[in-house]
Amino acid sequence: MIGGSEAEVDQVGAGAACAQCDRMIRSLLICWVLLTATSSGKPTERKTRVNQEEPLSQLQHDDNKSFDYDHEAFLGQDEARTFDHLSPDESKRRLGIIVDKIDSSHDGFVSEEELRLWIKNVQNRHMLENVEHQWNEFDLNRDGLISWEEYRNVSYGSYLDGPQTETEYNYSHMMARDERRFKVADRDGDVSADRQEFMAFLHPESHEYMKDVVVQETMEDIDKNGDGFIDLNEYIGDMFSAEKGAQEPEWVATERQQFSEFRDKNGDGKMDREETLDWILPADYDHAEAEAKHLLYESDTDKDGKLTKEEVLNKFDLFVGSQATNYGEVLLRHDEF
């Protein structure tokens, strides 16, 4: 996660005292998230700045162990849990409904592109749900927009209302970063965010027009000498902090080699903005496309490059699973079926 503005927040209290309490708690949460994002953790713990779009699943993709990753990528986390507790017959019935939705061309087949778009929409749905989860907290006047003033007051109200004292953590800096990102996300320049703009603010790594601000925030975090570049020491220092006398783990040497051979493309000993962009937001890998190819390869029995409903249902355990797989928790959602 980037910066401290993406912390989840509690619902607004009914009274002024509760609201003030919420703002104080929120400020502490923002501070905690910032520490989590920037601290080095254990001396041998490997950190990464590489960002992908909203992940298809937090689970490891290993079909030899389970199809859990595929279930979440294809359905979304909550819906995957629902299918985990259905009978095989009911699981297949619901999957058949989904196949009809995926087949946007209505030609009786699911193409790789249709499958990719479906997975992409599942990915976006997760982000939209995150927006909805937080929306009422920030849209104080209920006008269907979140202004910068509203966001600032909810997130930093306790700091703004209290005495401006020197503290270990610079809330002014955090607020300025949030404001800059908010203004970039605000595509129409009305200093307010609709749901799409607020999603871009919360998930900038998933929006093309937000990439510059993602790079800028990353470089500000790592570029300790302020020269506008990330040198090798800064690059390693952001991922690894050695205790006195401790031996460097083997992966540090690998990262030094990675920096020289792949990160520093022009060989000048440092990363500029373009090189940093290539590092943290690699453009050569699309998770939704990769998952679509994987599902197609595993299910396309006649190898014609597209899937019939029968082929999908024959591999229902790969796509959605059922109670026979004994995975997940009970979460019943029947609204679409």
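Keep in mind that what you see is a predicted model, and the values were worked out from it rather than measured.
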No-hydrogen, no-angle side-chain donor-acceptor test under 3.5 Å, [X] and [Y]:
X    : Y    : value
D103 : S105 : yes
D178 : Y156 : yes
N130 : Q134 : yes

According to side chain to side chain donor-acceptor pair (under 3.5 Å), who are the partners of K309, at least two apart in sequence or on a separate chain?
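Partners of K309 by the side chain to side chain donor-acceptor pair (under 3.5 Å) criterion, ordered by chain and then number, come out as D100.
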Report the C-alpha separation of H294 and L318 in whole Å, then their side-chain angles, then the decisive distance to 0.1 Å, and conclude whether the side-chain contact (heavy atoms from CB on, under 4.5 Å) test is met.
CA-CA 10 Å; H294 168 66; L318 170 66; 4.3 Å; yes
Electrostatic pair [X]:[Y] at N-O distance under 4.0 angstrom:
X    : Y    : value
E311 : K315 : no
R187 : E197 : no
R94  : E90  : yes
R195 : D139 : no

Angle between ring planes, F74 versus W118, binned at 30° and 60°: parallel, tilted or perpendicular?
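Tilted.
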Which label fits F198 and F201: parallel for a plane angle under 30°, tilted from 30 to 60°, or perpendicular past 60°?
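F198 and F201: parallel rings.
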Evaluate the side-chain contact (heavy atoms from CB on, under 4.5 Å) criterion for residues W279 and E275: first the C-alpha distance (whole Å), next the side-chain angles of each, then the deciding distance (0.1 Å), finally the verdict.
CA-CA 6 Å; W279 167 42; E275 290 166 331; over 6 Å; no
Between [X] (side chain only) and [Y] (backbone N and O only), is there a donor and an acceptor less than 3.5 Å apart?
X    : Y    : result
E205 : I280 : no
D212 : Q216 : no
K270 : G267 : no
N314 : E310 : yes
D89  : R93  : no
E179 : W148 : no
S91  : S87  : no

Looking at every heavy atom in both K120 and A288, which two are closest together, and how far apart are they?
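Looks like CD-CB, 4.2 Å.
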Which atoms form the tightest heavy-atom contact between V184 and M210, and what is the distance?
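Looking at all heavy atoms of both residues, the closest pair is CG1-SD, 3.6 Å.
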